[in-house]
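Encoded as structure tokens, the structure appears first; notes follow it.
Predicted model, so just to flag it, every value in this text is computed and none were measured. Numbering of residues begins at 1 and proceeds along the displayed sequence.
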Amino acid sequence: MKRTTAIVCLSSLLITAGCYDSKSGGGKSGSDEQQASGAVIKQFADAWVTAWAPDGKPDAAGALTDSPTTFAKRLDEVDTALVASTVTVTPQDKPKCSDDNTCTQDLAVEAQLRGIGTMKWTSTATAVKTGDAWKIKASGDTIYPGLGEANYLKRVRALPARASIFDRNGVALTANRPVVIVGVASGTKATAATYAAFTKYLDVDGAKLAARAKASPAGQFVDAITIRADEWESLRPTMSKLPGVLTMGGTQSLPPTATFARSIIGTMKTATADTLKNAGPTASAQDQVGTTGLQYAFQQQLAGTPGGTVTLRDGKTKLTIKTVFSQKGTAGKPVKTTLDTNLQVAAEAALATSKLPASLVAVQASTGQILAAANGPQPTNYNRAFQGRYAPGSTFKIVTSAALLGSGETTTTPLPCTNTINVFGKTFKNYDGLAAYGAGTMQKAFNESCNTAFISQHGRLPKDAMTKTAAMFGIGRDLNLSIPAYGGQVPAPTDDVAEAASMIGQGTVTASPLAISLVAAAVDHGTAMKPVLVPGKDAAGAAASPLPAATVAALRTFMRTTVTGGTGKVLAGNGNVAAKTGTAEVVVNGKVTTNAWMAGYRGDVAFAVIVEGGESGSHTAGPILKSFLSKFK
């Protein structure tokens with residue numbers, strides 16, 4: 001609420017000189033001195049704002065004072081001490097003039113301390129008239145009260161411990177573990193051998209690190225990589241004796257091993273321009289922040305907010321005079337996932353047996369909750385289990401069978417299996433391991449994975465049948481997971497050839513391993529469910545209407561008999577497993593190769609595996625699933 005200023009005019013003589021302003025402390029309201037001093041103070045306030053802006057310079061603000069060089073340096077030093085990103089400086093009320101040559105005005109200052117928050121204070125600008133010009137008196141108190149000529153401000157920032165990511169049972173998937181930040185001294189102390197070692201042992205671009213070191217100011221630590229403390233211990237005998245190598249200790253939120261659920265949990269590194277923006281306004285360029293996966297998606301929640309203090313210190317003794325700003329940090333909040341640690345370990349162990357890039361996803365069929373998602377055999381940040389866009393091959397015959405059953409066919413409808421079939425000039429064939437067996441039912445065609453048998457029925461389906469049926473299994477929708485994931489697509493075919501290709505999971509049909517695991521889950525549960533990785537964050541519930549009961553019953557029989565007497569026999573002996581194998585032709589670097597698939601379920605756990613470059617579902621993907629299923633009940 002503004003105060004009412006009492007103004008008393010005693011005579012007409014006083015009116016001509018200006019009325020007395022009781023608030024001005026004896027100055028003259030509306031006088032030339034007030035206007036002139038107020039103008040220069042406003043210019044100074046604006047110049048201060050510019051000086052503390054990103055890449056701002058203090059010269060213009062200094063030029064408005066009676067000691068330009070000295071004040072500009074002081075203003076810049078305070079900016080550096082506070083690590084201010086921006087500032088607002090607002091003159092308050094009107095200048096108070098004690099005489100014709102001296103006026104003062106309060107300045108309300110609000111500085112954004114990078115990585116901490118907002119600091120507010122009020123300082124006083126004194127304008128003095130020298131000749132015909134008004135200048136700001138160059139004093140530290142103009143910047144902050146009490147700075148004077150020698151005192152200084154000291155900022156300390158405190159980060160709270162990063163919160164953990166948990167599995168479905170409350171087991172911590174991440175914890176703050178000891179790490180070592182490895183880098184070099186700025187300048188030319190490090191040698192060519194030093195940078196070569198960074199490249200060889202730490203997978204750091206030595207040339208780029210050398211360029212950064214040479215460009216950095218003297219005496220600085222130039223960080224290169226953050227690694228686990230135990231990993232550094234194995235490298236220390238080799239690296240520590242090299243010229244210029246420096247290290248710093250610390251902690252970082254990490255899973256138990258460097259590979260565990262890496263593409264799901266994600267990684268952390270020193271902030272870049274992109275990750276700093278994602279980390280929010282209280283993050284600092286020196287912070288370790290999430291760069292991928294859940295660490296990136298929930299960076300602000302996991303990190304919490306930093307605290308900080310600013311103290312006014314004696315310029316001579318360096319002792320604290322007083323604390324002028326204090327902000328308490330807030331602890332991060334954990335993220336609970338649907339992952340099951342035991343199943344994740346089992347999935348990763350199964351993939352470790354593969355010599356080719358592979359992914360395995362397991363979901364709870366009744367809820368869509370993701371139990372495990374692994375990519376191997378080598379550690380990778382690319383989550384192909386969620387984001388891969390693959391032709392699903394014969395695993396898609398689950399959808400094709402549903403489409404045919406929905407068109408009026410039955411499990412015993414004759415579907416002849418020939419070596420090849422021609423559709424308007426395009427010849428389709430079976431996978432190499434299957435010999436034509438002639439007459440047979442839909443169930444037999446499914447169990448043996450006969451391409452030509454299914455394609456022979458393409459004329460029985462409406463043009464949009466495959467697209468609509470795929471939607472009943474959740475294929476073709478945005479999955480809206482908390483981390484990127486691909487839900488697949490089944491475009492309406494442009495002609496009969498495209499329709500025939502889609503019936504065997506080729507052509508324009510694509511899906512991720514996650515999407516195919518959800519197809520198997522829909523058979524198991526009877527209704528396609530939305531995938532969930534982080535409860536409360538990811539949308540849950542049914543992704544489509546329940547499948548027709550007769551269709552569900554038929555598909556369950558098809559998938560079970562595929563294991564007991566079809567292409568999925570590799571899984572026999574692992575309980576009541578139901579599955580579908582798949583082999584998809586793809587072109588890689590101009591050459592035709594194959595990806596191996598297998599999808600299925602046991603109990604309430606549905607799964608899918610893909611092996612890039614695999615021979616077939618039964619020979620390549622099957623053994624991986626057998627290993628996975630053998631590790632849990």
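Of the possible polar contacts, one joining the Ser240 side chain to the Arg236 backbone as a donor-acceptor pair under 3.5 Å is found. Remark: the backbone N or O of Ala261 is paired with a side-chain donor or acceptor of Glu348 at under 3.5 angstrom. No side-chain donor-acceptor contact under 3.5 Å links Thr380 to the backbone of Gly376. Using a distance-only test at 3.5 Å, with no hydrogens or angles considered, a donor-acceptor pair links the side chain of Gln301 to the main chain of Pro334. Proximity of a side-chain donor or acceptor of Thr292 to a complementary backbone N or O of Thr267 within less than 3.5 Å is detected. Without hydrogens or angle criteria, Arg157 side chain to Gly115 main chain gives a donor-acceptor distance under 3.5 Å. In terms of modelled atom types and a separation under 3.5 Å, the side chain of Ser512 and the main chain of Gly487 share no donor-acceptor contact. A donor-acceptor contact shorter than 3.5 Å links the side chain of Thr199 to the backbone of Tyr195. Proximity of a side-chain donor or acceptor of Lys189 to a complementary backbone N or O of Ser186 within less than 3.5 Å is not detected.
Across every non-hydrogen atom of Asp314 and Thr317, the tightest pair is OD1-N, 2.9 Å. When all heavy atoms of Asn381 and Arg262 are compared, the pair lying nearest together is OD1-NE, 2.8 Å. Residues Pro531 and Ile370 approach most closely at CB-CD1, 4.3 Å, considering heavy atoms. Of all non-hydrogen atoms in Ser263 and Asn375, the two that sit nearest each other are OG-ND2, 2.6 Å. Summarising the geometry of Thr320 relative to Thr323, their closest heavy-atom pair is CG2-N, 4.4 Å, with the distance given to 0.1 Å. Across Asp141 and Gly148, no two heavy atoms sit closer than the pair OD1-N, 2.9 Å.
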Practice task
Please lay out, stage by stage, how Phe166 and Val171 fare under the test side-chain contact (heavy atoms from CB on, under 4.5 Å).
Solution key: CA-CA 5 Å; Phe166 289 94; Val171 176; 5.9 Å; no

Practice task
Give the C-alpha distance, both sets of side-chain angles, the deciding distance and a yes or no for side-chain contact (heavy atoms from CB on, under 4.5 Å) between Arg168 and Leu339.
Solution key: CA-CA 6 Å; Arg168 67 192 299 108; Leu339 295 176; over 6 Å; no

Exercise for the section: Check the pair Tyr144 / Phe325 against ring pair (Phe, Tyr, Trp, His ring centres under 6.0 Å), numbers first and verdict last. Expected result: CA-CA 12 Å; Tyr144 193 91; Phe325 170 79; over 10 Å; no

Handout entry: CA sep, side-chain torsions, deciding dist, call: Tyr152, Leu312, side-chain contact (heavy atoms from CB on, under 4.5 Å)
Key = CA-CA 6 Å; Tyr152 63 96; Leu312 178 65; over 6 Å; no

Handout entry: Trace of the salt bridge (Lys or Arg N to Asp or Glu O under 4.0 Å) decision for Arg177 with Asp230
Key = CA-CA 10 Å; Arg177 306 177 192 277; Asp230 54 358; over 6 Å; no

Practice task
Test side-chain hydrogen bond (donor to acceptor under 3.5 Å, both in side chains) on Thr191 and Thr194 and set out the steps.
Solution key: CA-CA 5 Å; Thr191 65; Thr194 302; 3.3 Å; yes

Exercise for the section: Apply the test side-chain contact (heavy atoms from CB on, under 4.5 Å) to residues Gln295 and Thr174: give CA-CA distance (whole Å), side-chain angles for both, the deciding distance (0.1 Å), then the verdict. Expected result: CA-CA 10 Å; Gln295 295 280 30; Thr174 62; 4.0 Å; yes

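Here the straight-line distance linking atom CH2 of Trp232 with atom CG of Leu202 works out to 7.5 Å at 0.5 Å rounding. Between Phe198 atom CZ and Ile225 atom CD1 the span is 9.0 Å, to the nearest 0.5 Å. If you take CG on Asp106 and OG1 on Thr104, they are separated by 7.0 Å, rounding to the nearest 0.5 Å. With rounding to the nearest 0.5 Å, the separation of OG1 in Thr282 from CD in Gln327 is 8.5 Å. The line from CG of Asp538 to CD of Gln369 is 10.0 Å long, rounded to the nearest 0.5 Å. Here the CG atom belonging to Leu533 is positioned 13.0 Å from the NZ atom belonging to Lys336, to the nearest 0.5 angstrom.
Within the 4.5 Å cutoff, side-chain heavy atoms of Ile143 are placed close to those of Leu75. Side-chain contact between Met268 and Arg162 is present, with at least one heavy-atom pair separated by less than 4.5 Å. Within the 4.5 Å cutoff, the side chain of Val532 has no heavy atoms near those of the Thr367 side chain. By the 4.5 Å heavy-atom criterion applied to side chains, Lys96 and Cys103 are not counted as neighbours. Proximity of Leu254 to Val179: side-chain heavy atoms (C-beta onward) are separated by under 4.5 Å at one or more points. With a 4.5 Å cut-off on side-chain heavy atoms, Leu82 and Val78 count as touching. Inter-residue side-chain proximity for Leu276 and Asp287 is flagged as unmet; no heavy-atom pair is nearer than 4.5 Å. Residues Val310 and Met119 meet the side-chain proximity criterion, which asks for heavy atoms closer than 4.5 Å.
Around atom CG of Asp203, no more than 12 heavy atoms belonging to other residues, nucleotides or ligands sit under 6.0 Å away. Crowding of Asp99 atom CG: a count of heavy atoms from other residues, nucleotides or ligands under 6.0 Å exceeding 12.
Ion pair Asp223/Arg212 flagged as a salt bridge, since at least one NZ, NE, NH1 or NH2 atom sits closer than 4.0 Å to an Asp/Glu carboxylate oxygen.
With sequence neighbours excluded, the residues satisfying side chain to side chain donor-acceptor pair (under 3.5 Å) with Ser67 are Thr70. Take Arg114 and apply the side chain to side chain donor-acceptor pair (under 3.5 Å) test, not counting sequence neighbours, and it matches no residue.
A perpendicular orientation is assigned to the rings of Trp52 and Trp48, their planes being inclined by more than 60° (bins at 30° and 60°).
Note that Arg389 lies in the cation-pi zone of Tyr486, set by a 6.0 Å cut-off to the ring centre and a 45° limit from the axis.
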